[in-house]
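Residue numbers start from 1 in every chain, and the chains themselves are labelled A, B, ... in the order their sequence lines are given, proteins ahead of strands.
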Number of protein chains: 2
Amino acid sequence: MPLPSDEKSIVHVVDDDASMRGALQDLFLSIGLETRTYATAQDFLDTPVPDSPGCLIIDIRLPDMNGLDFQAQLSRTGVRLPVVMMTGYGDIPMSVRAMKRGAVDFLPKPFKDQDMLDAVFAAIERGRQQRAVDGDVSKVRERFETLSAREKQVMVLVTDGKMNKQVAGDLGISEITAKIHRGAAMRKMGARTLADLVRIADVINPRRRP
Amino acid sequence: MPLPSDEKSIVHVVDDDASMRGALQDLFLSIGLETRTYATAQDFLDTPVPDSPGCLIIDIRLPDMNGLDFQAQLSRTGVRLPVVMMTGYGDIPMSVRAMKRGAVDFLPKPFKDQDMLDAVFAAIERGRQQRAVDGDVSKVRERFETLSAREKQVMVLVTDGKMNKQVAGDLGISEITAKIHRGAAMRKMGARTLADLVRIADVINPRRRP
DNA sequence: ATCCAATTCATACTTTGATATGAGCATGCC
DNA sequence: GGCATGCTCATATCAAAGTATGAATTGGAT
């Protein structure tokens, strides 16, 4: 298992302009950020992206795809990298649409190096936090999957506030059996107390309203 | 206590251009939305805003204040209305800054009526959801304030997963007394089960990470 | 065929939680 | 002074939770 704090961030640059790719690569390399460049959206989509923190710099105007469509497609394909948009010809509605879809920033060309660096830092930071949350949720879900079917059912009912007797009644089993499953679920989920188990359950299945 | 579903939304328009104020008022009134207009930021800030759902339409360029500064000041003064920005001369960085600060939309003038209506509907909807959440949190906090000092302490420790014995030890009281406070806290907070109390506690004091 | 995991249940014991009844003491308010 | 509220604790009782030991059944994997 990799150490999150040791993971190096990778900046992915998608721009059909070779000189821009080069300039950005130089800029990012100058501050020690690993950088990969792509000339087209398809080029990026065809390249396996390592599951490491980082961000994605996209030119709105790409040969094969609109930058906004590209942005929309990324979430569908499971790429979670924060996006920084840039463009030489964009207008306000375009920038607003990008921001609504979750872009971290939107830079008109030409931009100052420092503005791009600020955007990249912000994007990487947002990604780190998102990854941390996602990682926690995944771990809990994985643990939950190690529970047997019955244990899962019991855990759901218990974290819903039901007593062992009610759990047993709902599942058509004896109270003793319910206790056994309950204890097993607590152990497997690493919950020392019921309060822990409730919070774990809410990570897996968030409550909308209290 | 007002019924949230019966509350009428109010659209507040801040623009120094009287003809724009009139046009927007006509537009919103035509679909049955109560509308109030203001010529300056100060005008809005000086007018008491009823605590009702709605949104705020701001022209970036105001006589007395920049629209972005205005937006920033609103949160400081406790006004929670979702903001829709509009402008006749704005650029991309300005729109991006507004969106980063939480604006719902950013419309360049001239805009289509439908675009403005869409933005207003989206803003009102966002506000409704925010109000619903805020209202729930407030209610829980108010309830919590009806607890005595000891009951609060006990509730915190209990929802932290501690047993009555530990709670008593931590507070230097007997287990029996702890039980009494625990029961009182449950009753006053309307928690039927410990699971309920844990979730209520997390509304008051959200846990960062599971 | 055999082993294993899951599921079920019983008995028994200990700990914890929930609640009621009764009571002493301090503080602050009218 | 009188009174309410909050905090404290004891005794007692009952319900529920947690744990251990032992055992039977089932279904699937080896």
How close or far is atom [atom2] of [N] from atom [atom1] of [X], stated in whole angstroms?
{"X": "A:Glu175", "N": "C:dT11", "atom1": "CD", "atom2": "C1'", "answer": "14 Å"}
{"X": "A:Asn164", "N": "C:dA18", "atom1": "CG", "atom2": "P", "answer": "13 Å"}
{"X": "A:Lys179", "N": "C:dC9", "atom1": "NZ", "atom2": "P", "answer": "14 Å"}
{"X": "B:Leu194", "N": "C:dT16", "atom1": "CG", "atom2": "C1'", "answer": "12 Å"}

Tested for side chain to side chain contact (heavy atoms under 4.5 Å, CB included) against A:Leu62, the lone hit among A:Asp43, A:Val14, A:Thr40 is A:Val14
Passing option when A:Leu74 is tested against A:Asp69, A:Leu81, A:Val49, A:Leu56 for side chain to side chain contact (heavy atoms under 4.5 Å, CB included):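 Exactly one candidate clears the test, A:Leu56.
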The test is salt bridge (charged side-chain N to carboxylate O under 4.0 Å, His left out); show your working for A:Lys152 and A:Glu145 and say whether it passes. CA-CA 8 Å; A:Lys152 288 179 188 175; A:Glu145 287 312 313; 2.9 Å; yes
Want to settle it: does A:Lys188 or A:Ile176 sit nearer the 5' end of DNA chain C, counting the closest nucleotide to each?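 In this pair, the answer is A:Lys188.
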Using 4.0 Å as the upper bound for N to carboxylate O, is an ion pair formed by [Y] and [X]?
{"X": "B:Asp15", "Y": "B:Arg61", "result": "no"}
{"X": "A:Arg80", "Y": "A:Asp51", "result": "no"}
{"X": "A:Arg207", "Y": "A:Asp160", "result": "yes"}
{"X": "A:Asp16", "Y": "A:Arg21", "result": "no"}

Measure across B:Met189 and B:Arg143 and return the closest heavy-atom pair with its distance rounded to 0.1 Å.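 For B:Met189 and B:Arg143, the tightest heavy-atom pair comes out as O-NH1, 3.0 Å.
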Residues in contact with DNA chain C, drawn from residues 180-187 of chain A - heavy-atom cutoff 4.0 Å: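 Output list: A:Ile180, A:His181.
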Select from B:Arg150 and A:Lys162 the residue whose nearest nucleotide in DNA chain D is closer to the 5' end of that strand. B:Arg150
For A:Ile173, report the nucleic acid contact type (base, sugar-phosphate, nothing); a contact means any heavy atom under 4.0 Å. sugar-phosphate
Under 4.0 Å, heavy atoms only, any strand: does A:Ser174 hit a base, just the sugar-phosphate, or nothing? sugar-phosphate
Could you check A:Arg126 against A:Gln129 for side-chain hydrogen bond (donor to acceptor under 3.5 Å, both in side chains), going step by step and ending with a plain yes or no? CA-CA 5 Å; A:Arg126 183 189 289 190; A:Gln129 292 188 7; over 6 Å; no
Chain B contact limits on DNA chain D, taken 5' to 3' with a cut-off of 4.0 angstrom to heavy atoms: D:dG6 to D:dT11
